[in-house]
Number of protein chains: 2
Amino acid sequence: MSGSDRAVVTRPQLTPRGRAIRDAALKLFAERGYEATTTTEIGAAVGIRGPSLYKHVSSKQDLLAAIMLDAMDVLHDVHALAVAGVDDVADRLRRAVEAHVRFHTRHRLEAFVGNREIRSLDEVNRAAVVARRSSYERLIRGLIEEGVAASRFHVASVKLASYALLDLGMGVAAWYREDGDLSEDEIVYTYGRFALTLVGVAG
Amino acid sequence: MSGSDRAVVTRPQLTPRGRAIRDAALKLFAERGYEATTTTEIGAAVGIRGPSLYKHVSSKQDLLAAIMLDAMDVLHDVHALAVAGVDDVADRLRRAVEAHVRFHTRHRLEAFVGNREIRSLDEVNRAAVVARRSSYERLIRGLIEEGVAASRFHVASVKLASYALLDLGMGVAAWYREDGDLSEDEIVYTYGRFALTLVGVAG
DNA sequence: TGAAAAGGCTAATGCTCAGTAGCCTTGATA
DNA sequence: TATCAAGGCTACTGAGCATTAGCCTTTTCA
């Protein structure tokens with residue numbers, strides 16, 4: 001009943017070369033955008049020609065979809081892990097926001113691409129990503145509603161507060177750099193505090 | 001010395017049709033992205049064929065650049081207007097953030113495109129937009145530094161606080177809708193308050 | 001009223017791109 | 001050692017795109 005029996009990785013395993021291709025595609029999609037990235041460039045990044053990619057992946061579109069869907073699944077997983085077994089609603093929110101921000105530092109390219117390239121997905125894939133995103137947003141909003149219901153939080157608008165928290169994470173993905181002068185822990189801690197003051201936590 | 005003698009509109013005037021084309025292009029760039037928008041579609045949106053656009057604009061690229069550069073200039077203008085003649089640093093920050101957020105509701109498409117399509121600009125235009133953006137970021141950061149220097153604000157990191165405030169505005173541009181259930185004033189007021197608690201304002 | 005400017009249009013140009021066809025090399029295995 | 005699959009490669013296909021060329025109609029105004 002601990003939840004650890006749920007598989008964390010649910011998508012098909014990739015060969016090493018398949019993983020290299022995905023990593024290269026992710027980097028290129030983040031740098032220049034999905035539409036502006038050519039299969040020739042993705043191939044070059046792993047030392048092969050564009051058409052040879054098709055021995056490993058089925059299409060450029062599938063590459064994008066896999067990157068985004070996997071990222072959303074990981075985001076759900078880290079959220080679940082962060083709040084599991086924590087009772088106090090303020091602690092739950094702080095831990096959820098910390099996990100949110102940490103995800104956006106550790107997977108900033110995935111988050112960046114995920115936020116900018118939804119439009120490049122075909123209808124089926126877009127619906128799948130949007131569904132996962134909505135589900136995640138409901139989790140965050142639910143935490144705030146919980147705190148408000150318990151009179152622990154005081155906000156002008158639950159919706160606005162949840163948007164603010166979610167947007168801060170996305171912002172991090174846009175400017176965070178591993179070699180920058182703000183450490184991951186520093187950002188995570190500070191934003192966790194931000195979150196609590198933002199919902200006007202009592203106590 | 002009031003600053004009102006500085007022209008607010010500095011770019012070449014557009015004919016009505018030129019303006020219609022720009023508005024249509026803005027809407028399409030926001031909806032499906034610059035690369036995915038065709039000149040045929042922009043033309044269709046104003047009732048002409050794609051090639052006829054070239055009687056009014058010099059290129060698709062210039063259309064994007066003009067949209068983004070104008071938006072950055074307006075953002076600077078509304079900021080200057082918001083803080084002009086205000087002495088108290090907390091008031092200045094609150095008013096600056098209010099102006100920032102209001103800009104992102106009133107010009108959400110421009111802001112949205114401006115944040116997502118920098119990569120689609122050619123080098124010259126990109127440099128111009130990035131310069132304006134940096135300049136604006138310095139203004140916001142400067143306000144926070146001012147408050148910290150005067151011991152009115154208390155933040156763990158000036159940089160982090162300014163990123164957070166800037167990111168909240170960008171977030172607004174992504175989800176705000178004129179016909180949504182959160183009013184512009186409501187969002188502006190709430191985020192103005194967020195800003196002050198976020199910098200740990202004293203008094 | 002007549003010339004010319006403005007602003008449409010279709011057709012064409014030249015380029016880029018995702019994906020396919022079909023071939024060849026290599027290395028594992030039977 | 002013969003076979004065969006894996007995974008490269010080049011050449012090609014078919015489509016889409018921004019932009020230009022050149023033509024025609026309408027409007028403006030001297």
Side-chain angles (χ1 to χ4, degrees), chain A residues 12-69 113 116-126, chain B residues 12-69 113 116-126:
Chain A
Q13 287 294 345
L14 288 172
T15 62
R17 179 131 268 183
R19 173 155 299 281
I21 291 171
R22 246 176 80 161
D23 289 350
L26 172 59
K27 227 174 277 183
L28 287 164
F29 291 164
E31 246 172 51
R32 46 192 80 180
Y34 174 78
E35 305 255 18
T37 300
T38 67
T39 52
T40 303
E41 289 170 327
I42 300 172
V46 296
I48 62 178
R49 306 290 171 144
S52 300
L53 286 175
Y54 290 83
K55 290 280 158 74
H56 303 278
V57 304
S58 65
S59 71
K60 192 184 156 192
Q61 170 73 204
D62 269 11
L63 218 33
L64 178 64
I67 287 168
M68 292 180 58
L69 290 170
V113 169
R116 273 175 172 68
E117 302 292 353
I118 299 199
R119 292 176 305 202
S120 301
L121 289 174
D122 63 32
E123 273 195 55
V124 173
N125 287 325
R126 183 163 54 240
Chain B
Q13 288 294 344
L14 288 173
T15 62
R17 178 130 272 181
R19 173 155 297 282
I21 291 170
R22 247 177 80 161
D23 289 350
L26 172 59
K27 225 172 279 183
L28 287 164
F29 291 164
E31 244 172 53
R32 48 194 78 179
Y34 174 79
E35 305 256 18
T37 300
T38 68
T39 53
T40 303
E41 290 170 326
I42 300 172
V46 296
I48 62 178
R49 306 292 171 135
S52 302
L53 286 174
Y54 290 81
K55 291 280 157 74
H56 304 276
V57 305
S58 65
S59 70
K60 190 183 157 192
Q61 169 73 203
D62 268 12
L63 218 34
L64 178 65
I67 288 168
M68 291 179 61
L69 290 171
V113 169
R116 274 176 170 67
E117 302 292 353
I118 299 197
R119 292 175 306 201
S120 301
L121 290 174
D122 62 32
E123 273 195 54
V124 174
N125 288 324
R126 184 164 52 242

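A, B, ... follow the sequence lines: proteins, then strands. Residue 1 opens every chain.
In this entry the distance linking CZ of B:Arg17 with P of C:dG7 reads 9 Å, nearest Å. If you measure from atom CG of B:Leu28 to atom P of D:dA18, you get 12 Å, rounded to the nearest angstrom. Look at CZ on B:Arg49: it is 6 Å from P on C:dC9, rounded to the nearest Å. One atom, CG of B:Leu53, and another, P of D:dT20, lie 12 Å apart when rounded to the nearest Å.
Considering all non-hydrogen atoms of both residues, B:Gly33 and B:Thr37 come closest at O-OG1, 2.7 Å.
Computed from C1' positions of five pairs at each end, the angle between the two local axes of the helix from C:dT1-D:dA30 to C:dA30-D:dT1 equals 0°, rounded to 10 degrees.
Side-chain nitrogen and oxygen atoms of A:Ser52 include none within less than 4.0 Å of the OP1 or OP2 phosphate oxygen of D:dG7. At D:dG8, one or more side-chain N or O atoms of A:His56 fall inside 4.0 Å of OP1 or OP2 (strictly under the cut-off).
Listed by chain and residue number, B:Gln61, B:Val124, B:Asn125 satisfy the side chain to side chain contact (heavy atoms under 4.5 Å, CB included) test with B:Asp122 (two or more places apart in sequence, or in another chain). The side chain to side chain contact (heavy atoms under 4.5 Å, CB included) check on A:Arg119 picks up B:Phe112, B:Arg116, B:Glu117, with sequence neighbours excluded.
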Query raised in the report: Which letter, B, S or -, goes with each nucleotide of nucleotides 13-26 of chain C from 5' to 3', with contact meaning a protein heavy atom under 4.0 Å?
Result: ----SSSB------
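Proximity of B:Arg22 to B:Val57: side-chain heavy atoms (C-beta onward) are nowhere separated by under 4.5 Å.
Screening residues 22-49 of chain A for ring-ring contact (aromatic ring centres under 6.0 Å, His included) gives A:Phe29-A:Tyr34 as the qualifying pairs, with residues at least two apart or on separate chains.
Here the straight-line distance linking atom CD1 of A:Ile21 with atom CG of A:Leu26 works out to 13.5 Å at 0.5 Å rounding. Note that the CG atom of B:Leu69 and the CG atom of B:Leu121 stand 7.5 Å from one another [nearest 0.5 Å].
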Only pairs under 3.5 Å count here: list side-chain donor-acceptor contacts from residues 38-56 of chain B, not counting sequence neighbours, and write none if there are none.
{"unit_1": "B:Thr38", "atom_1": "OG1", "unit_2": "B:Glu41", "atom_2": "N", "d": "3.1"}
{"unit_1": "B:Glu41", "atom_1": "OE1", "unit_2": "B:Thr38", "atom_2": "N", "d": "2.9"}
{"unit_1": "B:Glu41", "atom_1": "OE2", "unit_2": "B:Arg32", "atom_2": "NH1", "d": "2.5"}

